[in-house]
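First the structure, in the form of structure tokens, and then the observations on it.
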Amino acid sequence: MACTALPDAATLSRALFPTGAARSQWKVKDRRALRCRVRAETTATEKLGIKVVRNPPESELADLGVRQWSKWGCPPSKFPWTYTAKETCYLLEGKVKVFPEGQGDEFVEIQAGDLVEFPKGLSCTWDVSVAVDKHYNFE
């Protein structure tokens, strides 16, 4: 059976943690919730020269040594930035629209859980809507 829709939080809670009379009143829908596993899909994309891997496996982060990289953060803000070296970063928190110079209104959106590679020489504007906390590494 394929999972086509995620149950709402209350339904999932009832299915996973039934109590008292609720145990005997499980609906078929509730039992199906037990059979569906939610997992974040890892996807890799490249847009406007910026590579983004959404939800990389922890094994990949460990192989790269991400948790040993330096950390940086900033509050919601908007600022220009030029990469003088290739940067790879992993966002622990935050949400950002990155507008590469010369691309008009086109942007790449990055968020918590993304592993991102910015190429050397990229000039852009960061529009931070949710405060950022990230590990980063320059090559």
Side-chain angles (χ1 to χ4, degrees):
M1 177 181 101
C3 297
T4 57
L6 296 177
D8 60 75
T11 300
L12 188 56
S13 179
R14 282 192 315 272
L16 295 174
F17 308 107
T19 58
R23 269 185 215 264
S24 61
Q25 296 175 359
W26 274 16
K27 298 176 186 174
V28 171
K29 180 177 162 186
D30 293 335
R31 288 192 300 265
R32 284 189 194 135
L34 287 173
R35 292 186 200 130
C36 295
R37 253 192 291 171
V38 178
R39 67 181 172 94
E41 291 291 326
T42 299
T43 59
T45 60
E46 183 172 349
K47 180 179 176 186
L48 305 173
I50 300 169
K51 297 176 184 173
V52 180
V53 178
R54 299 216 186 276
N55 303 307
E58 188 60 40
S59 60
E60 182 178 350
L61 299 176
D63 288 347
L64 292 170
V66 168
R67 306 287 183 205
Q68 285 72 49
W69 294 350
S70 298
K71 284 182 79 176
W72 178 86
C74 73
S77 54
K78 189 172 184 176
F79 58 90
W81 188 255
T82 298
Y83 291 89
T84 57
K86 180 176 100 172
E87 179 188 341
T88 303
C89 66
Y90 178 69
L91 274 76
L92 300 167
E93 297 177 4
K95 191 170 191 178
V96 182
K97 288 182 181 175
V98 180
F99 293 85
E101 194 174 276
Q103 299 297 321
D105 291 337
E106 289 195 72
F107 63 88
V108 175
E109 190 165 55
I110 59 175
Q111 60 192 5
D114 288 350
L115 181 65
V116 186
E117 184 180 294
F118 297 99
K120 178 181 179 178
L122 175 71
S123 291
C124 60
T125 298
W126 272 48
D127 187 355
V128 180
S129 59
V130 177
V132 168
D133 185 22
K134 71 175 186 171
H135 285 287
Y136 69 93
N137 184 51
F138 286 103
E139 291 182 20

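Bear in mind that the values here come from a model prediction, so they are computed numbers and not experimental data.
Taking the side chain as every heavy atom from C-beta outward, V98 and W126 approach each other to under 4.5 Å. Between R54 and Q111, some side-chain heavy-atom pair lies under the 4.5 Å cut-off. Within the 4.5 Å cutoff, the side chain of E93 has no heavy atoms near those of the V130 side chain. The closest side-chain heavy-atom distance from P56 to Y90 is below 4.5 Å.
Within 6.0 Å of the NZ atom in K47, the count of heavy atoms belonging to other residues, nucleotides or ligands exceeds 12.
Minimum interatomic distance between D114 and N55 (heavy atoms only, all atoms of both residues): OD1-N, 4.5 Å. Of all non-hydrogen atoms in C124 and P100, the two that sit nearest each other are CB-CA, 3.8 Å. Closest non-hydrogen pair, D105 versus F99, comes out as O-CE2, 3.6 Å. Here the shortest heavy-atom pairing between E60 and L115 reads OE2-CD2, 3.6 Å. Smallest separation of non-hydrogen atoms from P119 and Y83: O-CB, 3.6 Å. Of all heavy-atom pairs spanning F138 and A85, the tightest one is CD2-O, 4.0 Å.
Of the inter-residue distances, the one linking T125 atom OG1 with W81 atom CH2 reads 12.5 Å to the nearest 0.5 angstrom. If you take CD on E109 and NZ on K97, they are separated by 5.5 Å, rounding to the nearest 0.5 Å. With rounding to the nearest 0.5 Å, the separation of NZ in K134 from OG1 in T88 is 10.0 Å.
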Donor-acceptor list for residues 66-77 side chains, cut-off 3.5 Å, not counting sequence neighbours:
unit_1, atom_1, unit_2, atom_2, d
R67, NH2, E58, OE1, 3.0
W69, NE1, L64, O, 3.4
K71, NZ, D133, OD2, 3.3
S77, OG, P75, O, 3.0

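Note: the hydrophobic cluster containing L61 does not contain Y136 (ILVMFWY, side chain heavy atoms under 4.5 Å, direct or indirect links). Criterion: ILVMFWY side-chain heavy atoms under 4.5 Å apart, direct or through other members. Under it, L91 and I50 are part of a common hydrophobic cluster. V53 is connected to L92 through a chain of hydrophobic side-chain contacts under 4.5 Å among Ile, Leu, Val, Met, Phe, Trp and Tyr, so both are in one cluster. If you chain together hydrophobic residues whose side chains sit under 4.5 Å apart, F107 and V52 never meet in one group.
Just one of V96, I110, V108 meets the side-chain contact (heavy atoms from CB on, under 4.5 Å) condition when paired with V116; it is I110.
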